[in-house]
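To keep things clear, I will list the structure first and then write my remarks on it.
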Amino acid sequence: MTSQTQAGPASVGRDAPSRLSLQPPCGLPSFPRPRSRSPAVPSSSSTLRDQSTMTIPKSNGHAPTNGVGNNVQHDNDADADIDTETLMSASATPTSALGTREEQRRIYLGPKLSDRATGGPDAGPLIERFSCLFKDQYHCKTNPKGIVSIFSQLIIQGSRRELPHAAGVHRALAKNFLASDLSYGDNLWGSRRINRALSGFYNRYFNPAVEVQPDHIICGNGCSAGTTPTLPPLFLLDQLFFTLLDEGDAILLAAPYYTGFDRDLIGRARVKLVPVHVPEGDAGFSPGCMEAFEQTLKETEAKGTRVRAVILCNPQNPLGRTYPRDTLLAYARFCEERDLHLVSDEIYAMSVYENKSFPDAAPFTSMLSLDVEKELGMEFDKARLHVVYGMSKDFCANGLRIGSLVSQHNPLLLRAMAATSMLMKISSPADVIWSSILSDRCALEDFLGENKRRLGAAQAFVRGWFEERGVEVAHSNAGNFIWVHLGGKLGFRDAISEKKVFQRLLDGGVYIAPGTAYHNPSAGWYRVTFSIAQDDLAVGLNKMEELLDLRVVV
């Protein structure tokens with residue numbers, strides 16, 4: 001590393017505001033000054049730049065080589081992938097003029113609010129951060145100094161006409177929207193039409209061991225809360241775990257993991273997420289990773305917390321990789337032997353692409369396709385298996401908000417969720433659009449194939465760009481992001497420096513996600529999304545090259 005800027009981000013004085021300030025009136029109103037019965041609240045925000053002396057070099061850099069195909073994917077978990085701590089600072093200093101969560105509750109002077117709403121994680125900093133991001137998003141003409149988001153596409157760049165299925169959306173609404181769609185419809189959570197279309201889709205693409213019937217499916221307004229970092233209305237994951245677990249029960253899931261789970265499952269259901277630190281690399285995707293699950297389960301229960309479920313994210317987010325069949329069977333065995341629910345989040349199922357640098361990648365295998373009793377020669381209670389899938393990722397339609405749950409052998413669960421399903425009922429236009437797209441088999445096949453081709457091309461370009469600059473990139477074959485080890489290139493392995501790099505890039509107009517936000521135990525990794533408009537991607541990579549001095553290795 002060079003030393004062109006000796007102090008890096010730390011050299012910026014305290015009076016220089018961070019790009020994303022949390023001071024009112026940015027988005028949230030400030031509290032009234034506390035009366036004498038309450039302590040004063042600090043009035044200055046803390047930023048990452050104040051807490052590390054790490055030097056990050058800067059240079060003029062050169063524009064990255066063009067050649068990546070414009071990809072049609074966009075990610076809807078933007079708000080979830082950076083937790084409040086990561087977005088704010090590495091210390092316990094209050095994150096804004098509103099103070100800490102407990103201080104906010106102490107100085108509130110109005111009628112009592114519920115403990116459910118005010119006792120959970122504070123969504124305020126996230127609201128502020130993403131409000132600022134939305135308002136300052138890069139556009140080549142209208143906002144050339146704005147933030148290029150290459151950790152997750154917050155808003156679709158460019159024209160909707162670029163999307164291969166845009167014409168299908170228009171046709172669906174023009175031809176298939178019925179008078180009944182202006183009423184409550186013919187189902188508690190959507191329409192019978194969408195359940196029929198989804199069952200056909202599952203049976204065609206997920207290769208289920210038992211044919212999926214329309215009555216096996218419940219739909220909701222998205223699998224996750226999407227781009228709403230507050231306590232949201234009911235959606236599938238929230239409602240599912242509210243139904244499966246009691247408050248205080250624990251869920252095990254391999255880390256790093258999609259941190260939207262932290263918000264989705266804690267906010268209302270009040271369950272505990274316990275990360276399982278599986279080995280890095282290939283070993284984390286092998287059957288042997290269940291040893292880490294076994295150890296974590298014992299440690300959790302020894303502390304008096306009851307473990308009730310396991311979440312499997314396949315393809316994995318943020319690693320962008322599929323699990324082999326024998327590992328999926330190991331998950332099923334573990335859950336059967338420990339009497340745990342097994343929830344398989346397969347939101348990226350159709351976003352599996354060819355990566356020539358990873359020829360041994362496992363093909364996507366749905367948990368629905370396993371015949372556990374036959375393949376393992378053991379009893380398996382199928383009522384413990386639940387699969388979640390939605391439209392957001394594979395169909396590039398975050399805003400339409402449709403998710404689906406398949407639970408083929410647990411009618412009691414479906415009946416319990418049906419009782420409150422009107423609270424997460426999907427809109428009729430979204431219902432019409434997805435059911436129409438799923439029912440047009442030829443157009444669907446063409447779209448999914450083209451999307452995979454573009455994902456593969458974009459991934460190859462971005463992977464090559466980082467590797468040419470000496471940055472390690474983990475194996476991947478799915479999703480719309482790669483996992484890059486900037487820490488190895490820049491010479492750091494601590495969380496403070498990782499967040500410093502995050503803030504340096506953010507202040508320079510680039511947004512990527514640090515790995516510790518995903519509960520990754522090893523600092524220095526970042527998730528970089530490649531499924532944004534080609535020109536915007538080039539701008540973002542050029543900014544990274546300049547800000548971090550990522551020169552091509554000769």
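This chain uses plain numbering: 1 for the first residue, then up along the sequence. Side chains are part of it too, since the values below use all heavy atoms of this structure and drop only hydrogens, waters and symmetry mates.
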### Task
Flag the pair Pro315 / Phe364 as yes when at least one side-chain heavy-atom distance between them is below 4.5 Å, and no otherwise.
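Yes, close enough: below the 4.5 Å cut-off.
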Checking [X] now: which residues fulfil salt bridge (Lys or Arg N to Asp or Glu O under 4.0 Å) with it, not counting sequence neighbours?
| X | value |
| --- | --- |
| Asp249 | Arg306, Arg308 |
| Arg196 | none |
| Arg192 | none |
| Arg333 | Glu337 |

### Distance-only side-chain donor-acceptor flag, Tyr353 / Asn451, under 3.5 Å
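No - no donor-acceptor pair under 3.5 Å links their side chains.
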#### Entry: Evaluation steps, salt bridge (charged side-chain N to carboxylate O under 4.0 Å, His left out), between Glu450 and Arg454
CA-CA 6 Å; Glu450 176 65 9; Arg454 294 190 185 192; 2.8 Å; yes
Listed by chain and number, what are the side-chain contact (heavy atoms from CB on, under 4.5 Å) partners of [X], not counting sequence neighbours?
| X | value |
| --- | --- |
| Ala197 | Ser435, Leu438, Ser439 |
| Glu299 | Gln295 |
| Asp446 | none |
| Pro324 | Phe285, Asp326, Thr327, Ala362 |

### Glu336 with Lys382: basic N within carboxylate O range, under 4.0 Å
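Here Glu336 does not pair with Lys382 in a salt bridge, since their nearest N and O are not under 4.0 Å apart.
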#### Entry: Counterpart residues, ring pair (Phe, Tyr, Trp, His ring centres under 6.0 Å), relative to His341 (two or more places apart)
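His341: ring pair (Phe, Tyr, Trp, His ring centres under 6.0 Å) contacts with His386.
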### Message
Per the salt bridge (charged side-chain N to carboxylate O under 4.0 Å, His left out) rule, what does the pair list look like for residues 349-367, sequence neighbours excluded?
### Response
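Qualifying pairs: none.
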### Query
Tell me, which pairs form a salt bridge (charged side-chain N to carboxylate O under 4.0 Å, His left out) where one or both residues lie in residues 273-288, sequence neighbours left out?
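Matches after skipping sequence neighbours: Asp282-Arg321.
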### Set of residues satisfying side chain to side chain donor-acceptor pair (under 3.5 Å) with respect to Glu301, sequence neighbours excluded
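Counting only residues at least two positions away or on another chain, Glu301 forms no side chain to side chain donor-acceptor pair (under 3.5 Å).
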